[in-house]
J.: 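There's a structure below that I have some questions on.
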There are 2 protein chains.
Amino acid sequence: MRPRSSTLTEQELEIMKIVWDHEAATVRDVYEILLERRKLESRTVAYTTVMTMMKILEQKEYLRKDESDRAFVYRPAQPKGTVIGAMVREFVNRVFNGSAEPLLVHLVEEHNLSKEDLEEIAKIRGRQ
Amino acid sequence: MRPRSSTLTEQELEIMKIVWDHEAATVRDVYEILLERRKLESRTVAYTTVMTMMKILEQKEYLRKDESDRAFVYRPAQPKGTVIGAMVREFVNRVFNGSAEPLLVHLVEEHNLSKEDLEEIAKIRGRQ
DNA sequence: CGGTTAGTACTAGTTTTTTAGTATGAGACC
DNA sequence: GGTCTCATACTAAAAAACTAGTACTAACCG
């Protein structure tokens with residue numbers, strides 16, 4: 001049997017990023033941002049699709065919903081850093097068998113990270 | 001319509017990693033390694049499943065197959081670095097909107113990368 | 001108040017991804 | 001030569017991921 005993804009799927013992540021950035025959001029808020037974005041790629045999305053996705057995210061406990069005047073207001077149930085951290089870990093496991101160094105090398109070589117960038121990060125680490 | 005993944009899917013990647021590590025492999029080679037691995041998680045896989053996956057990888061031009069005495073011999077059609085690099089880029093785009101620094105911070109904070117590790121990487125970069 | 005708008009619940013379809021069965025053939029084995 | 005093993009081709013189906021329609025309700029608007 002095919003196992004279910006242990007982290008956020010692509011669409012789930014896109015929605016979560018919007019909610020994180022807004023602290024709280026209704027289905028309509030997310031819907032409108034998504035629609036605007038997709039216009040650029042000549043795609044579209046239905047309001048009910050967004051609703052369904054957000055309901056799933058609620059069931060998975062990534063979102064929490066509060067009753068409000070009119071529409072439900074959704075808020076993140078987990079901090080962004082925690083969730084993204086888990087995604088990074090899953091990626092490192094899946095692609096690099098758990099070791100982070102090779103990923104680092106890729107980042108340096110292909111993403112224009114300067115020596116200075118690294119030194120700055122190293123300082124953060126050094127302080128700990 | 002749901003778009004098709006632009007990079008390797010999870011199972012595709014697992015197979016590709018095996019072939020990369022072996023330079024060349026038959027369906028049976030891959031099948032046996034996969035079976036051994038899955039035993040540990042009480043899962044299993046059918047020979048024909050592996051065959052189907054490798055055929056798909058051939059169609060997607062990640063693998064090339066050579067006629068041989070008995071079974072086809074599959075070889076990577078693209079170098080590991082190139083493909084993994086594309087996966088890193090896709091991940092950085094999807095999760096971090098294209099900027100690599102936040103990923104770096106996650107790596108440092110959660111994957112026990114020492115100041116020394118970073119300095120070593122920085123040297124590589126410095127040489128360029 | 002009657003119609004329109006905006007929301008939810010429920011249901012269900014499509015595509016991708018993953019999985020595997022069945023038929024068939026070539027060569028090894030006796 | 002007959003059978004057994006191992007390979008491929010073809011087919012298809014289940015699960016996950018994504019998408020969206022329809023029915024119904026509340027509230028807003030004239």
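Letters A, B, ... mirror the listed sequences (proteins, then strands); counts begin at 1.
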J.: Sequence neighbours left out, what passes side-chain hydrogen bond (donor to acceptor under 3.5 Å, both in side chains) with B:E120? Give chain and number order.
T.: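 In terms of side-chain hydrogen bond (donor to acceptor under 3.5 Å, both in side chains), with neighbours along the sequence ignored, B:E120 is linked to no residue.
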
J.: Can you check whether A:Y47 has a side-chain N or O nearer than 4.0 Å to OP1 or OP2 of D:dT19?
T.: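 Result: no.
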
J.: Just the rounded figure in Å: distance from C1' of D:dA9 to CE of B:M54.
T.: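 Checked: the CE to C1' distance equals 16 Å.
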
J.: Looking only at side-chain N and O atoms, does A:Y31 come under 4.0 Å of OP1 or OP2 in C:dG7?
T.: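 No, no such contact exists.
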
J.: Rounded off to whole Å, could you give me the CG-to-C1' distance for the A:L35 and D:dT19 pair?
T.: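 One finds 14 Å between C1' of D:dT19 and CG of A:L35, rounded.
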
J.: Can you name the residues that form a salt bridge (Lys or Arg N to Asp or Glu O under 4.0 Å) with B:K65, not counting sequence neighbours?
T.: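 B:K65: salt bridge (Lys or Arg N to Asp or Glu O under 4.0 Å) contacts with B:E58.
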
J.: Residues two or more places apart in sequence or in another chain: which of them pass salt bridge (Lys or Arg N to Asp or Glu O under 4.0 Å) with B:R2?
T.: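 So B:R2 forms no salt bridge (Lys or Arg N to Asp or Glu O under 4.0 Å) with any residue.
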
J.: Only counting residues at least two apart or in another chain, list the ones meeting ring-ring contact (aromatic ring centres under 6.0 Å, His included) with B:Y62.
T.: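 Result, ring-ring contact (aromatic ring centres under 6.0 Å, His included) vs B:Y62: none returned.
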
J.: At under 4.0 Å between heavy atoms, which parts of nucleotides 9-20 of chain C does protein reach? Answer with one letter per nucleotide, 5' to 3': B base, S sugar-phosphate only, - none.
T.: B-----BBBBBB

J.: Residues of residues 22-30 of chain B with any non-hydrogen atom less than 4.0 angstrom from an atom of DNA chain C: list those, numerically ordered, please.
T.: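 By residue number: none to list.
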
J.: Could you state the CZ-C1' distance from B:R94 to D:dA17, rounded to the nearest angstrom?
T.: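 In whole Å, D:dA17 C1' lies 13 Å from B:R94 CZ.
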
J.: Identify each atom pair where a protein N or O and an N or O of nucleotides 25-30 of chain D are less than 3.5 Å apart, giving names and distance.
T.:
none

J.: Test: salt bridge (Lys or Arg N to Asp or Glu O under 4.0 Å). Region: residues 71-88 of chain B. Which pairs qualify, not counting sequence neighbours?
T.: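 Matches after skipping sequence neighbours: B:D21-B:K80, B:D66-B:R75.
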
J.: Output the rounded distance in Å from CG (B:L63) to C1' (D:dT8).
T.: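 Rounding to the nearest Å, CG of B:L63 and C1' of D:dT8 are 16 Å apart.
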
J.: Taking only residues two or more places apart in sequence or in another chain, which ones pass side-chain hydrogen bond (donor to acceptor under 3.5 Å, both in side chains) with A:H111?
T.: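 Per chain and number, A:H111 pairs via side-chain hydrogen bond (donor to acceptor under 3.5 Å, both in side chains) with no residue.
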
J.: List the residues meeting side-chain hydrogen bond (donor to acceptor under 3.5 Å, both in side chains) with B:T49, not counting sequence neighbours, and say none if there are none.
T.: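 Partners of B:T49 by the side-chain hydrogen bond (donor to acceptor under 3.5 Å, both in side chains) criterion come out as none, since no residue qualifies.
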
J.: I'd like to check the salt bridge (Lys or Arg N to Asp or Glu O under 4.0 Å) partners of B:E41; sequence neighbours left out, ordered by chain and number.
T.: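 Residues passing salt bridge (Lys or Arg N to Asp or Glu O under 4.0 Å) with B:E41: none at all.
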
J.: Under 3.5 Å, side chain of B:D29 to main-chain N/O of B:T26, donor-acceptor pair present?
T.: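 Yes; at least one donor-acceptor contact below 3.5 Å.
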
J.: For residues 8-20 of chain A, run the donor-acceptor check on the side chains, cut-off 3.5 Å, and write out each pair with its distance to 0.1 Å, sequence neighbours left out.
T.:
residue	atom	partner	partner atom	Å
A:T9	OG1	A:E12	OE1	3.3
A:Q11	OE1	A:R38	NH2	2.8
A:E12	OE1	A:T9	N	2.9
A:E12	OE1	A:K60	NZ	3.4
A:E12	OE2	A:K60	NZ	2.7
A:E14	OE2	A:R37	NH1	3.2
A:K17	NZ	B:R94	O	2.6
A:K17	NZ	B:N97	OD1	2.8
A:W20	NE1	A:Q78	O	3.1

J.: Rounded to whole Å, how long is the line connecting atom CG of A:L57 with atom P of D:dT19?
T.: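 In whole Å, D:dT19 P and A:L57 CG are 13 Å from each other.
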
J.: Look at the aromatic rings of A:F96 and A:F91 and report parallel, tilted or perpendicular, splitting at 30° and 60°.
T.: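 Perpendicular: the ring planes of A:F96 and A:F91 meet at over 60°.
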
